[in-house]
Amino acid sequence: MLFTGYGVLTDSNKNAAHLGLQCSYLTARGLITAQYLHTDSGVISVTDCPLLKKSGAVINN
C-alpha cells in the first residue's frame, strides 16, 4: 500500500479552537500532514480524518 502513492493514517489532532483537524499519514517517502476543516456534523467539512490519503507529486532525484 505504501508504494502505490497513498499514505495510511497514523495520528489526528484537533486544532484552532476545534475548528481544524490535523492528520498525519505514513507514506513510502515519510510522514505527511494534512489540514482539514472540522465540524461534528460533517456537512461542510470532515468529521474524522480519512484512513487513506493520496500523496502529492513524486520527484525523483
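Predicted, not measured: the structure shown is a model, and the values here were computed from it. Position 1 is the first residue of the sequence; numbering continues from there.
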Distance in Å, Lys54 NZ paired with Ile32 CD1, rounded so as to fall on 0.5 Å steps: 10.5 Å

Non-neighbouring partners of Asp48 that pass side chain to side chain donor-acceptor pair (under 3.5 Å), sequence neighbours left out: none

Test item: Thr10 side-chain N/O and Ser24 main-chain N/O as donor-acceptor pair under 3.5 Å: yes

Ser41 side chain reached by Thr47 side chain, heavy atoms, under 4.5 Å: no

Leu51 side chain near Val8 side chain, heavy-atom distance below 4.5 Å: no

Any donor-acceptor pair under 3.5 Å from Ser45 side chain to Thr39 backbone: yes

Atom pair CG (Leu19) and NE2 (His38), whose distance is rounded to the nearest 0.5 Å: 8.5 Å

All side chain to side chain donor-acceptor pair (under 3.5 Å) counterparts of Gln35, not counting sequence neighbours: Asn15

Leu52 reachable from Tyr36 in the ILVMFWY side-chain graph, under 4.5 Å edges: no

Over 12 non-hydrogen atoms of neighbours within 6.0 angstrom of CG in Leu31: yes

Tyr25 vs Ser55 side-chain heavy atoms within contact, under 4.5 Å: no

Side chain to side chain contact (heavy atoms under 4.5 Å, CB included) between Val46 and Leu21, intermediate numbers included: CA-CA 8 Å; Val46 297; Leu21 193 59; 4.1 Å; yes

Side-chain heavy-atom pair Thr33, Gln22 within 4.5 angstrom cut-off: yes

Any side-chain heavy-atom pair of Asp11 and Asn13 under 4.5 Å: yes

